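As structure tokens, the structure follows; a few thoughts come after it.
Everything numeric here is computed off the predicted structure, so don't read it as measured data.
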Amino acid sequence: MKITFTLNGESISLAVDPARPLLDVLREDLNLTGTKQGCDHEGECGACTVLVDGQAVRSCLTPMGKVAGRHVETVEGLGGADALHPLQDAFIEVGAVQCGYCTPGMLMAAKALIDRTPTPTRGEIQEALAGNLCRCTGYKRIVEAVELAVERMRGGAAARAPGAGSGTEDEGVIGGDARRTDAVDKVTGRALYVEDRRMPGLLHDTVLRRATVRT
């Protein structure tokens with residue numbers, strides 16, 4: 001079945017099984033590996049969150065048939081290295097990016113929130129991110145990053161000094177910038193993890209075990 005939809009502002013037409021998950025098409029067919037797979041298509045972790053007509057959805061649970069004629073936005077369409085979205089910039093500055101695996105899903109869930117609620121409360125931010133699991137950063141910095149982005153988008157927050165973190169005493173940096181050197185790649189979806197890498201002609205193997213039946 002040929003399915004046409006808009007992806008990050010560009011019209012896309014694909015011959016694809018309408019029951020196939022959007023996540024698999026993004027990652028395998030379109031090589032947009034910024035959208036992550038973290039729970040074997042069970043919709044539990046939020047790493048695969050994308051926007052469909054502005055609504056945050058689990059792309060692992062969204063069949064292609066449901067995106068026909070609709071607008072899909074992934075982290076790759078949020079902002080590039082030369083023009084970061086305020087959310088991406090705030091995540092880097094506050095230190096909300098560690099391993100980065102959950103970051104794309106967090107960013108897209110946060111964008112869906114501020115698009116519909118430009119001045120969300122902390123409680124609304126926490127609720128919007130409740131379905132996105134973080135494995136290492138913790139949620140404090142992530143919530144602070146969303147709050148900072150919202151404030152800046154309203155024109156009410158000055159830039160923080162490099163390495164300022166969120167202002168607690170143990171976050172000072174002596175003689176340098178605390179921001180991760182790979183943070184831009186992680187907030188733009190360019191960072192590659194093991195599952196994201198493609199090698200032409202790569203062979204796969206598996207171990208088959210034969211049970212021994214004793215008589």
Side-chain angles (χ1 to χ4, degrees), residues 5-12 22-23 25-27 30-38 46-59 67 70-120 124-125 128-129 132 134 137 139 141-166 177-193 196:
F5 62 103
T6 301
L7 176 62
N8 296 329
E10 180 182 352
S11 180
I12 300 290
L22 171 60
L23 172 64
V25 172
L26 290 173
R27 291 179 54 81
L30 301 173
N31 200 33
L32 294 180
T33 56
T35 303
K36 304 304 181 186
Q37 194 287 111
C48 71
T49 301
V50 302
L51 306 188
V52 176
D53 288 347
Q55 299 295 315
V57 303
R58 302 284 197 270
S59 61
V67 304
R70 304 176 74 179
H71 294 261
V72 176
E73 185 177 358
T74 70
V75 69
E76 289 90 349
L78 187 57
D82 56 345
L84 293 176
H85 186 280
L87 278 168
Q88 294 168 311
D89 193 48
F91 265 61
I92 293 173
E93 189 164 340
V94 171
V97 180
Q98 295 297 318
C99 85
Y101 201 81
C102 73
T103 300
M106 291 281 188
L107 286 167
M108 300 314 292
K111 183 176 189 296
L113 169 65
I114 63 178
D115 281 351
R116 69 175 183 269
T117 307
T119 56
E124 288 173 327
I125 294 171
L129 300 178
N132 294 72
C134 175
T137 307
Y139 297 94
R141 295 286 185 90
I142 293 170
V143 172
E144 288 177 353
V146 177
E147 290 178 325
L148 176 61
V150 168
E151 191 68 14
R152 284 184 172 167
M153 292 171 75
R154 296 173 58 196
R160 297 187 180 192
S166 58
D177 189 334
R179 289 175 290 190
R180 300 180 65 94
T181 57
D182 58 359
V184 171
D185 284 346
K186 289 176 177 177
V187 299
T188 56
R190 298 187 308 181
L192 296 179
Y193 299 79
D196 302 329

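Once rounded to the nearest 0.5 Å, the distance linking CD of E144 with CZ of F91 reads 11.0 Å. Between Q37 atom CD and Y193 atom OH the span is 14.5 Å, to the nearest 0.5 Å. Note: L129 CG to I142 CD1 = 7.0 Å, rounded to the nearest 0.5 Å. Summarising the geometry, atom CD belonging to E124 is positioned 12.5 Å from atom CD1 belonging to I114; distances are rounded to the nearest 0.5 Å. Atom-to-atom distance recorded for L23:CG and T74:OG1 is 11.5 Å, nearest 0.5 angstrom. Taking CZ from R70 and CG from D53, the interatomic distance works out to 4.5 Å, rounded to the nearest 0.5 Å.
Tested against N8 for a side-chain contact (heavy atoms from CB on, under 4.5 Å), the candidates V75, L51, L32, V50 yield a single pass: L32. Checked options D89, I92, D82; the residue passing with V184 is I92 (criterion: side-chain contact (heavy atoms from CB on, under 4.5 Å)).
With S59 contributing its side chain and C48 its backbone, the two residues share a donor-acceptor pair below 3.5 Å. For Q88 (side chain) and G79 (main-chain N/O), a donor-acceptor pair under 3.5 Å exists by modelled atom type. Put simply, the side chain of N132 gets close to the backbone of G46: a donor and an acceptor are under 3.5 Å apart. With K186 contributing its side chain and Q98 its backbone, the two residues share a donor-acceptor pair below 3.5 Å.
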Start with the C-alpha distance between D196 and R27, add both sets of side-chain angles, then the distance that settles side chain to side chain contact (heavy atoms under 4.5 Å, CB included), and finish with yes or no.
CA-CA 8 Å; D196 302 329; R27 291 179 54 81; 2.8 Å; yes
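Across all non-hydrogen atoms, the minimal contact from A128 to A109 is O-CB, 4.0 Å. The two residues T137 and C134 make their nearest non-hydrogen contact at N-SG, 3.1 Å. Scanning both residues, A149 and P86, for their nearest heavy atoms gives CB-O, 3.7 Å. Across T119 and V150, no two heavy atoms sit closer than the pair CA-CG1, 4.2 Å.
T49 is listed as a side-chain neighbour of R58, based on a closest heavy-atom distance under 4.5 Å. In this structure the side chain of L78 never reaches within 4.5 angstrom of the side chain of T188, judged on heavy atoms.
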